[in-house]
Amino acid sequence: MKAATALIDRQALKHNMEIVRAYTPNSKVWAIVKANAYGHGLLPIAKALAKQKQDQEKHSEKHQDDQQNNHYADGFGVARYEEALVLRKGGITAPILLLEGFFSPDVLPSLIEHDLQTVVHTIEQLEAIEKAQLEQPLTVWLKIDTGMHRLGVQPEMVPEFIQRLEACKNVKQPIHFVSHFGCADEVDNPITFQQIELFTQLVGEQKGDKSLAASSGCLLWRESHFDAVRPGITLYGVSPVNEKIGADFGLKPVMTMTSSLIAVRTIKKGEAIGYGQRWRADRDTQIGVVAMGYGDGYPRTAPNGTPVFVNGRIVPLAGCVSMDMLTVDLGADANDQVGDEVILWGDVLPVEKVAQHIGTIGYELVTNITSRVALIYQ
Ligand SMILES: *Cc1c(COP(=O)(O)O)cnc(C)c1O
């Protein structure tokens, strides 16, 4: 009998990459694999999307193959230097970008050594690059704050940063440009138009690559695609847009989170279950105990009624999620057996729906699965 196990469907991943390519036919696609590929496993996911050496050779001979093999990523984006090293040590040779740049100047020589590209979003990073002794120039993406006000150089500072980066011997030319949306998942929020316009105004004429769109930009904002897009969550088949599920955009969920019933128990009307007696039976019923808890990444904040899939139907979460288990109300007439499979989210129960009950987003559920969960690749 299996405990919490995430089945990872690499065909679905490739399918989703093809969907993203169809939405963004004129842009390079940088696959975002930060945070352990949103919980899906950093290296196996990158390998599934990476062009293999023999493929590269084959394709240069026979160009039309590229058309049929468009599930490859043009590069990979990560949030941490350590994530990039895992990719390089695992044999990934594609371009890799540190989306938040380097956190310490000490790693600059290693960025050259491992051929890692970096975002520059602060004066501190710019000065560190200017002062460094590097054997080769570094590929740099200047990050501009076009309105999200999280990371990025202020618009009025952009000319100075461009000028200094262009003058710097440690920087490979041309430099590239990146910005990030704050509200691209809202179809009609004018801030997104303003961000696109400001980005175009500031760097539209520049030679280097320009990149603005993450997943919601890819799916909803054609004007935001520029030279390169940076999808994360869509590759995993999850909707970046509230109130929608991946299937609404033709995406397939990559992760199916499964576990098993480890007990089926009869509970009498009026009895309460688990910590804090949070759920009380209003009739005699059967309770299923599932080997999945917050120790596996299932949020303790999940309320009674959160949907769980057991033997072809949805049953409600009943009672507080504990570290290793959660409980569901199977109903008085249930025939479920110990050992039966339970699906916490996946094809039959979209993670977006589960997330909505819990008051979070699909991103957080898939990313938060813990190291105790087995990842099985299909
Ligand atoms: C995480 C991230 C992305 C991917 O975002 P999704 O919404 O998952 O597509 C793209 N760009 C940057 C800078 C990011 O940090």
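Just follow the structure's listing: the first ligand is 1, and inside any ligand the first atom is 1. Numbering of residues begins at 1 and proceeds along the displayed sequence. All of these numbers come straight from a predicted model, not from anything done at the bench.
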Ring centres under 6.0 angstrom apart (Phe226, Phe199): yes
Which residue owns the protein heavy atom closest to atom 11 (N) of ligand 1, what's the atom, and how far is it? Arg230 NE, 2.9 Å
Please report which non-hydrogen protein atom sits nearest to atom 7 (O) of ligand 1, along with the residue it belongs to and the distance in Å to one decimal place. Tyr363 OH, 2.6 Å
What atoms in ligand 1 come closer than 4.0 Å to a heavy atom of Pro231? 9 (O)
Between the side chains of Arg21 and His71, is a donor N or O closer than 3.5 angstrom to an acceptor N or O? no
Under the side-chain contact (heavy atoms from CB on, under 4.5 Å) rule, what do Met255 and Met257 come out as? Steps first, then yes or no, please. CA-CA 6 Å; Met255 181 188 291; Met257 176 54 78; 4.2 Å; yes
Taking Ser260 for its side chain and Lys2 for its backbone only, find out whether a donor-acceptor pair lies under 3.5 Å. yes
Distance to 0.1 Å, residue and atom name: give those for the protein heavy atom nearest to atom 9 (O) of ligand 1. Ser215 OG, 2.5 Å
Any N or O of Lys143 closer than 3.5 Å to N or O of ligand 1: no
I'd like to know if the side chain of Asp296 reaches the main chain of Val373, judged simply by a donor and an acceptor atom lying under 3.5 Å from each other, with no hydrogens or angles considered. no
In the protein, which heavy atom is nearest to atom 14 (C) of ligand 1, and how far is it? Lys34 NZ, 2.9 Å
Are any of the N/O atoms on Gly232, whether in the backbone or the side chain, positioned under 3.5 angstrom from an N/O atom of ligand 1? yes
Residue Tyr38 vicinity, atoms of ligand 1 by number, heavy atom under 4.0 Å: 1 (C), 4 (C), 5 (O), 6 (P), 8 (O)
Aromatic contact, Trp345 with Phe309 (centres under 6.0 Å): no
For Gln117 and Thr139, test the side chains for any donor-to-acceptor distance below 3.5 angstrom and give the result as yes or no. no
Indicate, as side chain, backbone, both or neither, the part of Glu100 found under 4.0 angstrom from ligand 1 when only non-hydrogen atoms are considered. neither
Any N or O of Thr234 that comes nearer than 3.5 Å to an N or O of ligand 1? no
Cationic N near anionic O, under 4.0 Å, Lys28 to Asp209: yes
Relative to the heavy atoms of His180, which atoms of ligand 1 are at a distance of less than 4.0 Å? 10 (C), 11 (N), 12 (C), 13 (C), 14 (C)
Quick check on side chain to side chain contact (heavy atoms under 4.5 Å, CB included): which of Leu202, Asp227, Ile162 does Phe177 satisfy it with? Ile162
Any atoms of ligand 1 less than 4.0 Å from a non-hydrogen atom of Ile233? List them with their elements. 6 (P), 8 (O), 9 (O)
Arg150 N/O under 3.5 Å from ligand 1 N/O: no
